[in-house]
Structure formats: C-alpha cells, structure tokens
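Throughout, protein chains are lettered first and strands after them, A, B, ... in sequence-line order, and every chain is numbered starting at 1.
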2 protein chains.
Amino acid sequence: MAAEPRPSVTSRVLAILGAFDEHHPRLTLTELAQAADLPVSTAHRLVGELQAWDAVERDGDGRYVVGRRLWKVGTLAPVARELREASLPAMQDLYEATHENVQIAVREGTSALYVERIHGTSSVPVLSRPGVPLPLHATGVGKVLLAYAPREVVEECVENLKPITRYTITERGRMLRELAAVRRLGYARTVEEMGYGTCSLAVPVLGPGDEVVASLALVTRTVRKDLVKFVPALQVAAASITRRMAL
Amino acid sequence: MAAEPRPSVTSRVLAILGAFDEHHPRLTLTELAQAADLPVSTAHRLVGELQAWDAVERDGDGRYVVGRRLWKVGTLAPVARELREASLPAMQDLYEATHENVQIAVREGTSALYVERIHGTSSVPVLSRPGVPLPLHATGVGKVLLAYAPREVVEECVENLKPITRYTITERGRMLRELAAVRRLGYARTVEEMGYGTCSLAVPVLGPGDEVVASLALVTRTVRKDLVKFVPALQVAAASITRRMAL
DNA sequence: TGACGGACTTCCGCTGGGCGGAAGCCAGGT
DNA sequence: ACCTGGCTTCCGCCCAGCGGAAGTCCGTCA
C-alpha cells in the first residue's frame, strides 16, 4: 500500500501556474486546486503567496489570472527577447509589402509553437495567440520546422499524421517526400491542409550558427495561387532576422 | 538575537524567478543564489525543479535563462492576452499610416509599463522592450496615464519629478497644469522631455467601462512640430482597441 | 605540471515549515 | 430560514526540505 509520496512544494507551485492555459486563463480557487491536484486549503495558501508577489492576480469576479510580474519575467525568455524582438521589424515590413498575415514559430517537441503573429484590421477573428502550439504536419511553419528537425522527431511525427481537412497530408511516404522538397526548394506551402480557405508559405529562419531556429510564414484566408511570388521577400525578411539575432 | 525565520519555499522559488530582470536575463547558479539570497545548494535544488518544468533553461554557456513554459504562462496575463492582442492590429495600421514608432503602455504604480512597441526596419536601436518600466512624468504615455490616475499617485509623482533632459518638467505646479491640459484636450505631447531629438504624442485608451486602462502613443526620433495632426488617427486607433477589448 | 580558485553538484541527518482536515464564514439560491 | 458551494482560517503532527560540508570539474596561473 505505497502511500503516495507528497510532491515537492516547488512542483506544487508550478502545478498551480501550469493550471492556466489557453482555454483556462481565468480560474477560481477550486478549479485551480482541482487542476493542480491539491487540497483547497493548500492551494489557497500557495496562491496567496503567488498573489503577494504578483505572479497571479484576481480579476473583477474574484477569479485568478496570471499576474503582470510573471508576464514581465516571461518576456525575458530567449524566444521573446531574442527571436521576437529580432523578428518584429521584419514581420512589420513583410506585412506592409503583402498585407497578408505574417507569423513566426519555433519547434517545441512535436508541435509548432507560435511566437508572434501580425495582421491588420481586416482579419477580425483571432485564430491563434502567441504561446499556442499547432501541428507540425499541417502548417507551413510546421513543415519547415519538421524538414530541419532531428530524425527522431520526424519519425514520431510521420507515424501520426492526423487529418484536419480533406487535404491534410496523412501518408508517411508523401510527407517524407514533401519534407525533402522543402529542404530542396527552401520553402514550404500548404493549401487548405490546416483549414478550408487558408493557405500558407513558409521559409526557415537561421540562427547565429546555421541551424534552423524558427520559421517565418505568410498565411492567407483565401486560396492564393500566386503566393509563391513572395518567396524572395520572405527570404529577405528571414535573413534580416538572422542578422538582428546575432547582436 | 531573533534568528531570522526561514522564508517559505514559495517565496524562495519566486525570489529565484525575480532574480531575472531586464539587465540580468542570463544568470549563473551562483549569481542566482546571491540575487535570491539563498545558499548555493538550496538554489541548486530549486533551480533543478524549475528546470525540470521548463520554467528556466540553460543556454549554451550553462547559464540559466527564463524558460519557454514560463513565457507561455506569461502570455496568458491579461495585459498580454487582452490589451496586447486587442491593440496590435490598430498599432499596425497606425504604423502604416504614420511610419513612426507606435507604442502602448499601462500604469503600474508610479511607472509606465511598456506593453508593446511597433517599428519598421528604420529605427535600428531597440530602445525599450515590452515589460520595461519608464517614468510617468517625462513620456507621452506617462503623462496621459498620470492625468487619469488616482489622486494619491499624482501626489507622489509630482513631488518627485526627476529631470532627464533640460526640457523635462520638474515643477509641481507646471506638471499639474499640464495634466489638466491633457484631460481637457484628450492628448499629451512631449518634446525632448525624455531624450534629445525625441518627441511623442499620446492619447488614452479606455476599457470596457470608461476608465483609462492604457495609453497609445507615436514616438519620433526627430523633432516633428506637425505630430499633432495625428491626434484623430490616434483616437480612432484607441477607439478600435476599446472595441476589441470588449470581446 | 601541479596546485589553486571558482563554480557546480551530491550527500545526509536534524528540525521547524508546511500540510490539510475540520470548522467557520459569507453569498446567492430555494 | 435553511441549504449549497466556494472561500478563508486554524492548529498540531511529521517528514520534506534545509544547507554545511565534502566531492567534482573545469580553467588559469606560476
């Protein structure tokens, strides 16, 4: 009858912070306690300490939300500090040249993690926010990141290609050929593989070494056959990001 | 000889996270221990747990940096989720119309806290990053935020007006008149009050109620007398942010 | 080459901070 | 008036965490 060993305080604090996610950014104490698998009284004490430090705050309804201080610390992460800062001006220029959505993502395990997205007033719906993971096999950024990912990551991904639309690539062989093409051409395209009516064009972004650290993409909400013509512009932008990251 | 009571584990973990700031985004274990006022062995254990959760990472040099997971959680903070997301498109359009730096800030205590800044390739130097506090009395955003701040905040600020350039407003009376003017006109200007050769034009951004939640500004690196002509554009943008935040 | 210093990592036995059940509190609903 | 459900406070027991010390792994200097 092994009595469960009590988890460390640190891991409990982190469990509380981890209870917040894209779909649950506002939580009551009870929800928080459930999500972190803690007795309410314990959660209450820990959350109290987090609140005192402004790692969490309480909004108008008494629900807990992530606090400003945690946001401030988060902005110091390399993804935000280095990549995001280096890429915003280039993304800016790219948006102005194309007036299409511009986005940048890095790979995290077997997902693409959005770091930033730029768009004008036109595209009203907020499809994704920074920090949200998306599939590697059905997005432009994803295919680029996968094309330059270590073998074991590729293996894991190609074994598990979930269909999202009727155009999503789900056959192992076809995906491997697609990835080879991405490496050969230097860019990836998707046409309605992630959502009907959307297509994208993505290029790799190199780091200070020559490794691929991110992927930069244009995403349209209409099917544009002529999107390929922006490959040079994307590559110029990617190069400018690499240059800025060196600083 | 009261033996210092040992601080709680939670506060120690937070002290470690708090050791990271704008000027020290990369720390060695020893620096971390010093900053958090902990024995090295204790810091080591705690940091180990943080690392396991990806709240911190180790970069190439073995130094500790803020991890992706913490960044992800940070993006869920209301400032990032609501304000930043709501304002980016409007800031985008504003940039395109003016081609000047566009920035948005909120008030935090007696400082203005930058939330986002947009600029094209032209302005090479990264002057400030999101999450960095700036003075309330010498910036456009600051004066707007101060104009609508509670009395006690105003009191504290006007008693302590540090000169930054020779044009910085440092007299209590003059600042109070300036704030009244901001309330009357609906916008604030600065001309070389924060830095020589820079001026700014800022307007308030209202929240779902009618309270001022942020300030939106144009900042130029040259002295432009004609900046005022953008007041309507700024107000349109501010209104659009308010509208988006309601969602 | 050796030995020194600085930074990191591991170990282990003592102890007081944290745990959480229980009881109290406060709204809103019936 | 009485629930119900969520939040807050209390307190005594006990083991998780503490941190000094010893060990390891560099790089540097004589």
Has A:Ser87 got a side-chain atom pairing as donor or acceptor with A:Leu83's backbone, closer than 3.5 angstrom? yes

Note: A:Arg26-A:Asp61 ion pair, threshold 4.0 Å (strictly below): yes

Expressed as a whole number of angstroms, how long is the span from B:Leu38:CG to D:dG19:C1'? 11 Å

Quick one: B:Asp61 CG to C:dC8 P, roughly how many Å, whole number? 12 Å

Rounded to 10°, the helix from C:dT1-D:dA30 to C:dT30-D:dA1 deviates from straight, judged by its five-pair end axes, by 30°

For the pair A:Glu57 (side chain) and A:Arg68 (backbone), establish whether a donor and an acceptor sit closer than 3.5 Å, ignoring hydrogens and angles. yes

Counting only pairs under 3.5 Å, give me each side-chain donor-acceptor contact of residues 141-151 of chain A, with atom names and distances, residues two or more places apart or in other chains.
| unit_1 | atom_1 | unit_2 | atom_2 | d |
| --- | --- | --- | --- | --- |
| A:Lys143 | NZ | A:Glu178 | OE2 | 2.9 |
| A:Lys143 | NZ | A:Arg189 | O | 2.8 |
| A:Lys143 | NZ | A:Glu193 | OE1 | 3.0 |
| A:Lys143 | NZ | A:Glu193 | OE2 | 3.4 |

Basic-acidic side-chain contact under 4.0 Å: A:Glu211, A:Arg107: no

May I ask you to decide if A:Met194's main-chain N or O and A:Thr198's side chain share a donor-acceptor pair within less than 3.5 Å? no

Atom CG of B:Leu46 and atom P of D:dA16 are separated, to the nearest Å, by 16 Å

Salt bridge flag under 4.0 Å for residues B:Arg63 and B:Glu31: yes

It should be established whether B:Thr42 places a side-chain nitrogen or oxygen under 4.0 Å from OP1 or OP2 of nucleotide D:dG19. yes

Rounded to the nearest Å, what distance is computed from the CZ atom of residue A:Arg12 to the P atom of nucleotide C:dG17? 17 Å

At under 4.0 Å between heavy atoms, how does the protein contact nucleotides 6-11 of chain D? Give one character per nucleotide, 5' to 3', with B, S or -. SSBB--

Would you check, one step at a time, whether the test side-chain contact (heavy atoms from CB on, under 4.5 Å) holds for A:Glu108 with B:Asp54? CA-CA 12 Å; A:Glu108 185 172 66; B:Asp54 203 16; 4.2 Å; yes

